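These numbers come from a predicted model, not from an experiment. Protein chains get the first letters and strands the later ones, always in sequence-line order, with residue 1 at the start of each.
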Amino acid sequence: MAGLTRRRMLGGAAAATGGLLSSKAEARSPDPLITELQDWASQTGDGVDATPYGLPIEYERDVIRRNVPWLTADTISSVNFTPIHALDGTITPQGCAFERHHSGAIALRKQDYRLLINGLVENPIVLTYGDIERFPRETHVYFCECAANTGMEWAGAQLNGVQFTHGMLHNMEYTGVPLRVLLAEAGADMSDQNWLYIEGADASSNGRSLPMAKALDDCLVAFKANGEALRKEHGYPVRLVVPGWEGNLWVKWLRRIEVVAEAVESREETSKYTDLLANGTARKWSWVMDAKAVITSPSPQAPIFHGYGPLVISGLAWSGHGRITRVDVSLDGGVSWEIARLGYRGSDKALTRFYHDIHWNGNEMLLQARAIDETGYVQPTKSQLRAVRGENSIYHNNGVQTWYVDSQGVVENVEIT
Amino acid sequence: MSRLPNLFVLALGITTLLLGVAYGVATRYQMAAERQVMLQQVAAVRPQFDEAKSIDEVPTTTNLADAEDIGSENRIATDRDAKASVPAPNSLRRLGIGRPALPAEIAAWDVDIMPDGHGLPEGRGDVETGEAIFSDYCASCHGDFAEGVDNWPVLAGGFDTLAEDNPIKTIGSYWPHLSTVWDYIQRSMPFGSAQTLDEDQVYAIVAYLLYSNDLVDESFALSHENFADILMPNVAGFVVDDRAETEYALWRKKPCMQNCKESVNITMRASDLDVTPEPIRLETSTTHSDGEVSDKDIVKNGQKVFKKCQTCHQVGAQAKHRVGPHLNKIFGRVIGGLEDFRYSQVFDVAAKEGQIWDEESMAAFLLEPRTYFQGTKMAFSGLRTADEIAGVIAYLKTYSD
């Protein structure tokens with residue numbers, strides 16, 4: 001295999017698997033999978049309890065979170081990426097939802113969990129995990145996107161896989177107590193000009209300032225995701241959910257909420273998570289994740305194996321401003337666009353799944369998708385973004401992504417004019 | 001809240017906790033007099049905290065939505081968000097869940113520092129002291145001169161680079177407030193031993209970082225008294241998010257659908273850079289059963305436990321000294337015996353006496369490091385169980401050849 005590029009290998013794989021030249025497969029001899037008795041049709045399988053808590057079948061073990069080792073100095077203060085190239089629908093399974101830690105994922109037992117609410121409150125209170133489950137709760141689906149998602153692409157096409165370019169993203173159904181309910185319990189001064197300082201229990205002590213209006217609007221103090229307890233790596237037993245806003249605000253292992261009169265200007269809202277512009281000044285408090293769409297398949301990790309003919313183009317769209325109302329798809333790098341079908345219409349600040357069904361005749365394609373949300377925001381191109389911000393922002397890159405598909409079905413991350 | 005007001009609250013005593021908090025907070029933030037009055041009025045008309053759990057205050061009905069002060073409109077999901085649950089009842093009354101926080105608890109966790117320095121404890125540290133502490137606890141990642149090692153953050157220099165192609169964002173060139181430096185170091189550093197530095201040590205490290213950024217001279221000492229005098233160079237370098245004006249206005253327009261550009265050219269390909277992790281291949285793994293499962297499990301467990309150690313100690317072919325020395329071939333090694341590592345004094349003494357690391361000494365050390373070698377700089381408080389200790393020893397032995 002030495003000397004073969006990954007590109008050729010994938011092309012070869014596509015040719016071997018798919019029978020590229022014909023759009024219809026014709027059987028020359030009977031398929032033994034049908035005509036011969038298979039073990040699984042004769043012998044028994046696993047009994048119940050073979051996996052008391054199940055993992056995906058071994059044939060799916062490549063559908064996992066991956067990290068990019070050269071990005072960070074070690075894995076403890078680092079990030080990995082959701083395998084969105086291999087998922088469909090909108091809900092992200094917890095087990096493969098991206099992780100971002102600043103001092104590693106800690107193991108905090110429910111019985112050791114305490115939440116302190118203090119500051120500009122009449123009654124500073126301490127809540128246990130059990131206490132939190134006694135407040136009225138709500139259930140909502142929301143996406144969580146790291147502000148640095150797609151951050152490696154500011155200067156051009158860099159990572160060849162949607163998992164790596166767009167995988168700091170997950171979408172779960174959260175159950176939790178509205179933050180406003182807990183603030184009321186502490187008798188918080190809920191004046192508009194006040195802020196909350198939100199702090200985690202891990203060694204990074206990640207802390208962020210949150211304006212009161214957002215806290216009273218839709219934030220949740222969540223203890224369940226997709227119906228079960230949060231995973232350790234997502235802040236078990238309690239994390240903050242800040243719908244539509246950058247993931248760093250979704251403080252994990254939430255231990256303290258302080259009502260303050262001004263922003264704390266902590267490390268994570270000054271040194272990090274601020275967006276450097278071309279003129280050397282930086283935006284701060286850029287919390288909202290703007291509308292964004294990306295085609296998850298075909299994509300570099302999900303090339304076209306099946307040859308010519310019917311092709312499902314599938315992707316995700318989301319907006320921190322609210323609901324996705326439309327997704328457009330281009331096959332020619334943005335010269336012309338068609339309106340895609342919303343296969344699963346997401347709710348407010350949640351992922352929407354879109355599909356675009358085409359007949360592929362082997363022509364090269366430059367695939368793009370652009371999201372439009374309920375505020376009329378149209379996802380910009382990378383050039384439009386760079387014209388305003390330059391290339392050093394790191395965060396909040398929601399420019400339109402381009403995938404080049406060659407005549408063999410191999411897909412590559414490219415930049416275009 | 002911060003340490004100083006908390007002490008004040010403590011002095012007032014718990015019976016006047018409510019008023020104390022309101023007053024302390026008002027003092028700290030220098031709130032307008034009207035707001036202070038308002039807050040105290042609110043406190044006065046609210047039921048006393050101690051009484052909050054009385055039966056009158058806790059809704060007796062099990063259906064909270066039926067409580068009189070809950071708007072019935074709360075029970076109807078809006079069309080806009082038909083999938084969401086009906087909003088939780090938004091009671092104006094307290095439910096009486098939880099307990100009052102004690103002043104000592106608030107003081108223990110509420111240690112954040114505001115941009116104007118509020119919340120800083122009393123203390124003092126100079127550049128020279130800071131340099132020594134930095135060298136011991138910080139330099140393995142950030143470099144002796146705060147220049148950064150490997151991918152760890154660069155803390156010094158980078159002035160006038162923010163508008164260049166490769167901006168260097170350091171404490172000196174980028175951070176707007178000195179309070180952030182103090183706050184972050186006291187709560188989140190050193191990496192792997194957070195919150196183990198005392199106030200004077202933090203002041204000293206911050207003083208050294210100012211020095212390494214050429215912002216003070218070598219005789220400088222930083223304290224709570226002169227803290228507010230230090231202005232960071234990039235304090236005016238930030239604007240509040242202005243996307244609504246600079247971007248949304250441009251992009252909230254009807255999008256083009258046909259003939260949107262004349263031509264399209266590929267200008268860059270990710271494969272040219274070739275920095276993407278390799279794909280995972282689904283080969284079946286060969287499994288061995290050689291009857292040594294239990295030993296392997298001990299090593300495997302030890303490898304897991306060793307995660308507690310590995311922010312400071314490395315093993316393996318690439319192992320280097322970090323905050324602690326590398327642990328390759330540790331058994332049989334003279335304790336404190338590596339010449340290129342700066343040990344705590346107590347280890348230098350052990351080295352002179354020719355003490356050797358063996359399983360026994362390692363087990364005793366891992367159980368109670370600071371008892372076994374009194375005065376060790378190692379911040380780790382010890383492993384909890386014999387299994388953990390046996391595991392780590394077995395794991396380290398795999399790096400002993």
> Are the side chain of A:Arg323 and the backbone N or O of A:Gly346 linked by a donor-acceptor pair below 3.5 Å?
Replying inline: yes
>> Need one label for A:Tyr59: side chain, backbone, both or neither, based on atoms under 4.5 Å from any heavy atom in chain B.
In response: backbone
> Where does A:Ser77 contact chain B at under 4.5 Å (heavy atoms): side chain, backbone, both or neither?
Replying inline: both
> At their closest point, which heavy atom of A:Thr270 faces which heavy atom of B:Phe238, and how far apart are they?
Replying inline: O-CE2, 3.8 Å
> So, A:Gln368 side chain and A:Gly334 main chain: donor-acceptor pair closer than 3.5 Å or not?
Replying inline: yes
>> With disulfide (SG to SG under 2.5 Å) as the rule and sequence neighbours excluded, what pairs involving residues 245-278 of chain B come up?
In response: B:Cys256-B:Cys260
> Side chain, backbone, both or neither: which part of A:His396 has an atom under 4.5 Å from a heavy atom of chain B?
Replying inline: side chain
> So what's closer than 4.5 Å to chain B heavy atoms on A:Ile394: side chain, backbone, both or neither?
Replying inline: side chain
>> Quick check for you: among A:Asn279, A:Thr281, A:Asp62, which has the greatest number of heavy-atom pairs under 4.5 Å with chain B?
In response: A:Asp62
> For B:Asp165, is it the side chain, the backbone, both or neither that has a heavy atom under 4.5 Å from a heavy atom of chain A?
Replying inline: backbone
> So what's closer than 4.5 Å to chain B heavy atoms on A:Arg66: side chain, backbone, both or neither?
Replying inline: side chain
>> For A:Arg256, is there an ion pair with B:Asp112 - N to carboxylate O distance below 4.0 angstrom?
In response: yes
>> Please identify, among B:Asp272, B:Asn234, B:Asn259, B:Asp274, the residue contributing the most non-hydrogen atom pairs under 4.5 Å to chain A.
In response: B:Asn259
> So what's closer than 4.5 Å to chain B heavy atoms on A:Ala350: side chain, backbone, both or neither?
Replying inline: neither
> Among A:Thr128, A:Thr274, A:Val177, A:Val68, which has the most heavy-atom pairs under 4.5 Å with chain B?
Replying inline: A:Thr274
> So what's closer than 4.5 Å to chain A heavy atoms on B:Lys169: side chain, backbone, both or neither?
Replying inline: side chain
> Checking side-chain hydrogen bond (donor to acceptor under 3.5 Å, both in side chains) for the pair A:Ser336/B:Gln258: CA distance, chi angles, key distance, verdict?
Replying inline: CA-CA 4 Å; A:Ser336 62; B:Gln258 293 296 329; 4.5 Å; no
> With only heavy atoms counted, which part of B:Leu250 is less than 4.5 Å from chain A, the side chain, the backbone, both or neither?
Replying inline: side chain
>> List the residues meeting side-chain contact (heavy atoms from CB on, under 4.5 Å) with B:Ile266, not counting sequence neighbours, and say none if there are none.
In response: A:Leu366, A:Tyr404, A:Val414, A:Ile416, B:Arg269
> Taking B:Thr180, B:Val240, B:Leu273, B:Asp150 one by one, which has the highest count of heavy-atom pairs under 4.5 Å against chain A?
Replying inline: B:Thr180
> Tell me, side chain or backbone of A:Asn67 under 4.5 Å from chain B's heavy atoms, or both, or neither?
Replying inline: backbone
> Side chain, backbone, both or neither: which part of B:Lys253 has a heavy atom under 4.5 Å from chain A?
Replying inline: backbone
> Where does A:Tyr377 contact chain B at under 4.5 Å (heavy atoms): side chain, backbone, both or neither?
Replying inline: both
> A:Arg283 and B:Asp242: salt bridge (Lys or Arg N to Asp or Glu O under 4.0 Å), yes or no, with the steps?
Replying inline: CA-CA 7 Å; A:Arg283 281 184 188 146; B:Asp242 59 358; 2.7 Å; yes
>> Quick check on A:Arg114 against chain B: is it the side chain, the backbone, both or neither that has a heavy atom closer than 4.5 Å?
In response: both
> Which atoms of B:Thr170 come close to chain A, meaning under 4.5 Å heavy atom to heavy atom: side chain ones, backbone ones, both, or neither?
Replying inline: neither
>> Counting heavy-atom pairs under 4.5 Å with chain B, which one of A:Gln163, A:Arg180, A:Gln379, A:Gln158 comes out on top?
In response: A:Gln158
>> Taking side chain as everything from C-beta outward and backbone as N, CA, C, O, which of these in A:Arg370 sits under 4.5 Å from a heavy atom of chain B? Side chain, backbone, both or neither.
In response: side chain
>> Please identify, among A:Ser205, A:Ala278, A:Gly207, the residue contributing the most non-hydrogen atom pairs under 4.5 Å to chain B.
In response: A:Ser205
>> Tell me whether A:Ser103 contacts the main-chain N or O of A:Asp202 through its side chain, where contact means a donor paired with an acceptor under 3.5 Å.
In response: no
>> At a heavy-atom distance under 4.5 Å, which candidate from A:Asp290, A:Leu277, A:Asn413, A:Ile339 has the highest pair count against chain B?
In response: A:Asp290
> Contact part of A:Ile117 toward chain B, heavy-atom cut-off under 4.5 Å: side chain, backbone, both or neither?
Replying inline: neither
> Taking all non-hydrogen atoms of both residues, which atom of A:Ser209 and which atom of A:Glu265 are closest, and how far apart?
Replying inline: OG-N, 4.0 Å
> Of the backbone (N, CA, C, O) and the side chain (C-beta and beyond), which part of B:Trp175 lies under 4.5 Å from a heavy atom of chain A, both, or neither?
Replying inline: side chain
> Do the side chains of B:Gln186 and B:Ile113 get nearer than 4.5 Å, heavy atoms only?
Replying inline: yes
> Any donor-acceptor pair under 3.5 Å linking the side chain of A:Trp70 with the backbone of B:Val275?
Replying inline: yes
>> Out of B:Thr246, B:Asp183, B:Ile171, return the one with the most heavy atom pairs under 4.5 angstrom to chain A.
In response: B:Thr246
>> Using only atom types and a distance under 3.5 Å, with no angle test, would you say the side chain of B:Arg243 pairs donor to acceptor with the backbone of A:Val288?
In response: yes
> So what's closer than 4.5 Å to chain A heavy atoms on B:Glu105: side chain, backbone, both or neither?
Replying inline: both
>> Could you check whether any side-chain N or O of A:Thr417 sits under 3.5 Å from a backbone N or O of B:Asn265, counting only pairs where one atom can act as donor and the other as acceptor?
In response: yes
> Contact part of A:Thr375 toward chain B, heavy-atom cut-off under 4.5 Å: side chain, backbone, both or neither?
Replying inline: both
>> Please rank A:Val264, A:Leu127, A:Ile372 by heavy-atom pairs under 4.5 Å with chain B and give me the top one.
In response: A:Val264
>> Using modelled atom types and a 3.5 Å cut-off, is there a donor and acceptor pairing between side-chain atoms of A:Arg134 and backbone atoms of A:Asp131?
In response: no
> Which bit of B:Tyr174 is near chain A, if near means a heavy-atom gap under 4.5 Å: side chain, backbone, both or neither?
Replying inline: side chain
>> So for A:Ala291, is it side chain, backbone, both, or neither that comes closer than 4.5 Å to the heavy atoms of chain B?
In response: neither
>> Given heavy-atom pairs under 4.5 angstrom as the criterion, report whether the side chain, backbone, both or neither of A:Asn206 touches chain B.
In response: neither
> Taking the side chain from A:Asn123 and the backbone from A:Ile125, do they hold a donor-acceptor pair closer than 3.5 Å?
Replying inline: no
>> Using modelled atom types and a 3.5 Å cut-off, is there a donor and acceptor pairing between side-chain atoms of A:Ser393 and backbone atoms of A:Leu276?
In response: yes
> Side-chain donor-acceptor pair under 3.5 Å between A:Thr139 and A:Thr175, yes or no?
Replying inline: yes
